[in-house]
Protein chains: 2
Amino acid sequence: MEDEVDRLVAAWRRERPDLDVEPLEVLSRVSRLARHLDRARRLAFAEHQLEPWEFDVLTALRRAGTPYQLSPGQLLTQTLVTSGTMTNRIDRLAKKGLVERLPDPSDRRGVLVRLTDEGRDRADQSLAGLLAQERAILAELSRAQRGELAALLRQLTAPFDNIPG
Amino acid sequence: MEDEVDRLVAAWRRERPDLDVEPLEVLSRVSRLARHLDRARRLAFAEHQLEPWEFDVLTALRRAGTPYQLSPGQLLTQTLVTSGTMTNRIDRLAKKGLVERLPDPSDRRGVLVRLTDEGRDRADQSLAGLLAQERAILAELSRAQRGELAALLRQLTAPFDNIPG
DNA sequence: GTCGATTGTCTTGACGTCGAGATAGGTTGG
DNA sequence: CCAACCTATCTCGACGTCAAGACAATCGAC
């Protein structure tokens, strides 16, 4: 089946036949798909009264394992936002009672953000919801195709994730 | 090579061994890669004094071919933003002299947005810059792998692009 | 024709993010 | 022990986006 990127590439080949636009076949699809996923996720999380950014922070803490705490700095690197943004997010989550700020006992500059019991429950519930939705989206592909796709994407993301950029 | 999503998935398998988190292998990589691409593009466009959103609008018009004009509504569907956002973008581009607003002769509710000569030049220059950067990112993959990846992604994007969602 | 629904664009207010800089604690070498 | 530098977090102002709704023009059914 044709998608928007097919149309986009065809248009470029017509308007700029001198250029090789093959890279767009991959990377424009990545960007557009991500955009669609954002919207879909927003809907899925709304059922659990969570915003996508809240999910990102709560699940980062949940994945850390007991006692479910990380520093703001560790949360930054996992969620790819700036420090000002993270301060703001922690404030709002704390106000909702989903996380709490604790002083870092080993570094008085530092802070530890810890998931509350309610925060943990919300993280678990919304993860289950997200996985159900994503499974539906991925039903387009066979298991083998999903594996291939994951492997190819890994090759592209690895340089970004390993060389700090 | 390992990436952040490998670490993320491993963490979930440790914390929630009861859940099947395979969907994340694909879709979390898509979202994270898109995030990295946004940052990289921002840098590439900065050399041409353009923001990513400006590029999106200018190139949509450029792709339309002479006389390089589209309605705001057509621009909406191509760029996946809301109408309020598009109004704002057109305002700013018009102020910079890269586009102009014309009344639609066939529908008095409507407007046509047309690229100026300078807008067209800037679109062409920045497209060349973007393609160079994207080629570098995709050098991780062989030509055949890029083709596979594009095809797999198309299967996921097609439903979003064809069933209005 | 005319009324109601629809379409296309713009307006508005709230919100989240960014980037730069401030603050304070920590670290290292002399 | 001090000075210079580094690190962790927070503060602040500017900005872009969104969602909802306003408004005007158009279309369709009767």
Side-chain angles (χ1 to χ4, degrees), chain A residues 31 34-36 38-43 45-46 49-58 60-61 69-96 98-114 164, chain B residues 31 34-36 38-43 45-46 49-58 60-61 69-96 99-114 164-165:
Chain A
S31 293
R35 197 92 204 233
H36 288 305
D38 276 349
R39 293 186 166 189
R41 279 200 268 256
R42 186 174 303 278
L43 288 176
F45 292 142
Q49 284 83 49
L50 279 185
E51 298 293 321
W53 63 264
E54 296 179 294
F55 176 85
D56 287 344
V57 176
L58 295 180
L61 293 167
Q69 60 188 23
L70 291 172
S71 70
Q74 291 174 307
L75 287 170
L76 290 192
T77 65
Q78 290 209 27
T79 55
L80 301 179
V81 297
T82 60
S83 65
T85 298
M86 187 51 68
T87 298
N88 186 14
R89 289 182 173 188
I90 296 166
D91 286 348
R92 284 173 283 157
L93 287 170
K95 205 164 291 174
K96 289 178 73 170
L98 303 180
V99 306
E100 53 190 348
R101 268 199 186 85
L102 307 171
D104 182 336
S106 67
D107 183 340
R108 269 190 299 173
R109 292 169 305 181
V111 168
L112 290 174
V113 181
R114 174 147 64 183
Chain B
S31 293
R35 196 92 204 232
H36 289 304
D38 276 349
R39 294 184 166 191
R41 279 200 269 257
R42 186 174 304 279
L43 288 176
F45 293 142
Q49 284 83 51
L50 280 184
E51 298 293 320
W53 64 263
E54 297 179 294
F55 176 85
D56 287 343
V57 176
L58 296 180
L61 293 167
Q69 59 187 26
L70 291 171
S71 70
Q74 292 173 306
L75 287 170
L76 289 191
T77 65
Q78 291 210 27
T79 55
L80 299 179
V81 298
T82 60
S83 67
T85 298
M86 186 53 67
T87 298
N88 185 14
R89 288 182 173 188
I90 296 167
D91 286 348
R92 284 174 283 157
L93 286 170
K95 205 163 291 175
K96 290 179 72 170
V99 306
E100 53 190 347
R101 268 199 186 83
L102 306 171
D104 183 336
S106 67
D107 184 339
R108 269 188 298 173
R109 292 168 304 180
V111 167
L112 291 174
V113 181
R114 173 146 66 183

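These numbers come from a predicted model, not from an experiment. Numbers restart at 1 for each chain; the letters A, B, ... are given by sequence-line order, proteins then strands.
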Trainee: Is B:D104 salt-bridged to B:R109, going by a charged N under 4.0 Å from an acidic O?
Mentor: no
Trainee: Where each residue is assigned the nucleotide of DNA chain D containing its nearest heavy atom, which of B:G84 and A:V111 is assigned the position nearer the 5′ end?
Mentor: A:V111
Trainee: Counting only side-chain N and O atoms of B:R89, is one of them less than 4.0 Å from OP1 or OP2 of D:dT17?
Mentor: yes
Trainee: Between P on C:dT7 and CG on B:L76, what's the gap in Å once rounded to a whole number?
Mentor: 14 Å
Trainee: In whole Å, what is the span from the CE atom of A:M86 to the C1' atom of D:dT9?
Mentor: 12 Å
Trainee: Could you tell me how far apart A:D104 (CG) and D:dA8 (P) are, to the nearest whole angstrom?
Mentor: 11 Å
Trainee: Any carboxylate oxygen within less than 4.0 angstrom of a Lys/Arg side-chain nitrogen, looking at B:K96 and B:E54?
Mentor: yes
Trainee: Quick check for you: among C:dT9, D:dT26, D:dG16, whose closest atom lies nearest to any side-chain atom of B:D107?
Mentor: D:dT26
Trainee: Under the criterion side-chain contact (heavy atoms from CB on, under 4.5 Å), I'd like the reasoning laid out for A:V113 against A:L70: C-alpha separation, chi angles, the key distance, then a yes or no.
Mentor: CA-CA 5 Å; A:V113 181; A:L70 291 172; 5.8 Å; no
Trainee: Check whether any side-chain N or O of B:T87 sits under 4.0 Å from OP1 or OP2 of C:dC10, and answer yes or no.
Mentor: yes
Trainee: Is the distance from OP1 or OP2 of D:dG16 to the nearest side-chain N or O of B:T85 less than 4.0 Å?
Mentor: no
Trainee: For C:dC10, does the base pair up with any side-chain atom of B:S83 as donor and acceptor (N or O, under 3.5 Å, distance only)?
Mentor: yes
Trainee: Please report the distance, rounded to the nearest Å, between CZ in A:R35 and C1' in D:dT17.
Mentor: 9 Å
Trainee: Does OP1 or OP2 of D:dG16 have a side-chain N or O of B:R92 closer than 4.0 Å?
Mentor: yes
Trainee: Considering only C:dT17, D:dT17, D:dA25, which nucleotide approaches the side chain of B:R108 most closely?
Mentor: D:dA25
Trainee: Atom CZ of residue position A:R108 - does it have more than 12 heavy atoms of other residues, nucleotides or ligands inside 6.0 Å?
Mentor: no
Trainee: Has B:R109 got a side-chain N or O lying under 4.0 Å from the OP1 or OP2 atom of D:dC23?
Mentor: no
Trainee: Would you please confirm or rule out a distance under 4.0 Å between OP1 or OP2 of D:dC10 and any side-chain N or O of A:R101?
Mentor: yes
Trainee: Measure from CG on B:D38 to P on C:dG19 and round the result to the nearest Å.
Mentor: 12 Å
Trainee: With a 4.5 Å cut-off on side-chain heavy atoms, are B:L58 and B:L50 touching?
Mentor: yes
Trainee: To the nearest angstrom, how far is B:Q74 atom CD from C:dG8 atom P?
Mentor: 10 Å
Trainee: Please report the distance, rounded to the nearest Å, between CH2 in A:W53 and P in D:dT17.
Mentor: 20 Å
Trainee: CZ of B:R42 versus P of C:dT17: gap in Å, rounded?
Mentor: 14 Å
Trainee: For B:P72 and A:S106, take the nucleotide of DNA chain C holding the closest heavy atom to each; which residue's nucleotide lies nearer the 5' end?
Mentor: B:P72
